[in-house]
Amino acid sequence: MPKARIVVVEDEPAIRRGVSDALRLSGYEVTEAGDGAIGLREGAAAGVDLVLLDLLLPKRDGLDVLAELRRTCPTRPVIILTARGSEDDRVRGLKMGADDYVVKPFSAKELIARVEAVLRRTMRPVPEVRLVRVGKGTIDLHRREVRWTCGTRSDLSETEAALLRYLVANKERAVSREELLSRVWGIGTAGLETRAVDMHVARLRAKLKDPAVADDDQVEVIVTVRAHGYMAGPALVAREDDP
Ligand code: CA
């Protein structure tokens with residue numbers, strides 16, 4: 001597993017230092033943030049694998065930081081650091097999409113165990129899919145080409161192949177544009193045009209049209225989910241065997 005990058009957002013200097021030191025000792029790369037504003041900036045930065053988030057923070061409240069992180073980096077894992085007795089906040093945090101919480105005072109051992117458990121879950125690579133059937137055609141994601149029974153072939157760009165692989169690997173659910181940007185392009189989405197995703201989907205749809213079939217009879221390969229994102233259509237089927 002690559003060395004994970006963790007942002008520690010905590011205004012209490014002693015706790016922040018203790019947590020950061022324990023994480024560094026366990027081999028993690030750590031960025032410290034002493035208030036909610038810096039926490040949000042660092043937590044939303046590209047390449048961050050996990051955010052440890054205190055809730056009572058100066059400048060910007062922890063739950064507010066969490067809401068903003070969920071909007072800009074929907075898949076970024078967050079563990080809430082919470083004081084004993086503040087159960088309402090903990091529940092609200094989990095409902096808002098935090099991955100886990102740790103109650104203060106906690107031991108370094110307990111914290112590291114929680115961090116490892118969340119990272120094991122979230123740093124899982126996208127399942128490997130090589131061949132995808134689409135109507136009478138086959139998509140080879142390794143060779144990045146589409147082959148039709150009539151003999152026509154077309155090539156896919158690296159991004160198009162990665163986008164298709166992600167949609168097929170998550171076939172049973174709709175995937176938001178933000179998630180696609182973060183998981184396929186590997187970037188946080190703060191201030192980024194999600195229209196880039198739409199453009200790539202349009203190009204993919206054009207390339208996945210069976211040349212031997214009339215426009216009206218084409219199968220729906222990528223379904224648009226209104227106000228959210230996209231989903232692999234029923235016509236896309238991952239296959240195990242070689243054609
Ligand atoms: Ca605090």
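Residue indices begin at 1 and follow the sequence shown. Note that these values count all heavy atoms, side chains included, but never hydrogens, waters or copies made by symmetry. Just follow the structure's listing: the first ligand is 1, and inside any ligand the first atom is 1.
Because the distance cut-off is set at 3.0 Å, Asp11 qualifies as a neighbour of the Ca ion (ligand 1) through one of its N, O or S atoms. At least one N/O/S atom of Asp54, from backbone or side chain, sits under 3.0 Å from the Ca ion (ligand 1). Residue side and main chain included, Leu56 places an N/O/S atom under 3.0 Å of the Ca ion (ligand 1).
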Take Arg70 and Glu68 through the salt bridge (charged side-chain N to carboxylate O under 4.0 Å, His left out) test and state the conclusion after the steps. CA-CA 5 Å; Arg70 275 292 149 270; Glu68 192 58 23; over 6 Å; no
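With Leu52 as the partner, the side-chain contact (heavy atoms from CB on, under 4.5 Å) test is satisfied by one option alone out of Leu111, Val7, Val30: Leu111.
With 3.5 Å as the limit, one finds a donor-acceptor pair spanning the side chains of Thr224 and Arg205. For the 3.5 Å distance criterion, the side chains of Asp198 and Tyr230 qualify, holding a donor opposite an acceptor.
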